[in-house]
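Data first, discussion second: the structure below is written as structure tokens.
Just so it is clear: chains get the letters A, B, ... in the order the sequence lines come, proteins before strands, and each one is counted from 1.
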Amino acid sequence: MERRVVITACSAISPIGYGRKAIVESLLNGVSGVAALREDELISRFIHSRVYGTVGYPMTYDFSRQYRKTMGPVAYYACQVAKDVLEQAGLPREFVTGGRLGIAFGSIHGSPTVQRDIYRIFFEAKDKAAYQTIGAVDYLKSMVHTTAVNISKMFGITGRIISSGTACTTASQSIGFGYEAVKYGLQDAMICGGADEYDTITVAVFDNLLACSTSFNDRPTRTPRPFDRARDGLVVAEGAGALLLEEYEFAKKRGATILAEVIGFACNSNGGDLILPNLEGITQTLKLSLENAKISAAEIDLVSAHATATKMGDIIEAQATGAVFGATPHVVALKGYMGHTMAACGAIETILTLYMMQEGFIAPTLNLEEVDERCAMIKHVQKLIEHPVRTAAIQNFAFGGVNTSLLIRKLT
Amino acid sequence: MTRQEIEAEVREIFLREFEVEDPEPDVNLREAYGFDSIDAIELLLGIEKFLGSELTQEEKKQAIEIRTLTQIIDYIEKLARIRGIIVERP
């Protein structure tokens, strides 16, 4: 049994804004969410990259203590966007708690803020009293599936839990696996997404790999620069995104607003090097998503590229995209606006693509001023254009050699 | 240590850790305030700190039956007596 799957609600907390209005305004006005790296009084002083995609506006939450007690910062983000999509969708309470709604949600490694506090005790505890300051709930706040289970607790959701933790493909896998769960009748709806909180450890990891941007430390908004000749690496960022996927007939019957249909998904592994991008693996993923959707490459209007602005990653992605989709579809790299939101990027970039689909424009890749000739085989968007988008591909690739491609289509 | 002091400390823990102000002494804590297994573990840690003494596994298991604030105070009073901490009846 294969069923059609549609997106009926979405919400993002991103460095360029929270909610549709703020995010669309940022896209239309070329606003960057990259700011100076905050000092953590630990390792930040050693990090060469001094930029971070920052949620720099105040967030206010209305979660009671009953829920807050098991939530670290990453779960606050996750629960807020999940709350937003449930409110937007207006699903009846008995459906939300009835077992046919599931959750696919993750983060790259739970809450590093809480983990850091635990390890501080681990290394510094001199007596039992100090050891006992490790809170009973610290694991619940920091574990890798903390986002998914805090969502389930807050809303009483009793369906299946999928909590991918595959770095940069966490959210794209969440959407893809959620899509498959609904498509094959395992669930009737899924809340899908990812979140990551402000974290300097992630910056340090990429910084030590020489993968972080360092040349624009004094001009944070000028980086990252996907596909640009002067790109010099990624910018780590924070944020969250959630989408509600529903079975088409179910959504139609209840009069839900359908934002788009998920028409295909593919995920594969490079089966080799865990860091270097792999042309063969990525190319294969893009082809598999077309096969899964049963559409031709010519039907793709817009590609949301993963494009983190690393030297090799962008070239490999451009080559794979050009080889599979050709030079016809417009290509935008949304990380130019906000950096790499890690576990959230697949969801945030899908949501921004949905917004552009709804509004009828394509935002340019921010900071793409001079296209690297090695990335020139695809149609880059360098100026804001009014353009209808019917079918879009959202591609994401992760450390560990994991690749995903998600295809969505506006219902006509 | 008096029973009043125990009650004052428990109320302080409830306010500080559980954001419950002036809990009713004899209501079911789960039903009235959403007190759950996580809170129970935090409470036991708070009791250990208050008594300045670790609870045995057996003593912790006895806490499973607790449902009300009065029962918590009774429980701590019993632990205090076992430990030779003077508890004066009012």
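- Taking 4.5 Å as the heavy-atom cut-off, none of the residues of residues 72-105 of chain A approach chain B.
- For OH of A/Tyr57, the number of neighbouring non-hydrogen atoms (other residues, nucleotides, ligands) closer than 6.0 Å is greater than 12.
- Counting heavy-atom neighbours within 6.0 Å of A/Tyr61 OH, excluding the residue itself, gives a total above 12.
- Contacts of A/Thr70 with chain B are made by side-chain atoms alone, with heavy-atom separations under 4.5 Å and no backbone atom involved.
- Contacts with chain A (heavy atom to heavy atom, under 4.5 Å) involve these residues of residues 13-24 of chain B, listed by number: B/Glu17, B/Phe18, B/Glu19.
- Contacts between residues 27-47 of chain B and chain A, counted as heavy-atom pairs separated by less than 4.5 Å, involve B/Tyr33, B/Gly34, B/Asp36, B/Ile38, B/Asp39, B/Ile41, B/Glu42, B/Leu45.
- Qualifying side-chain hydrogen bond (donor to acceptor under 3.5 Å, both in side chains) partners for A/Thr169, counting only residues two or more places apart in sequence or in other chains: A/Thr166.
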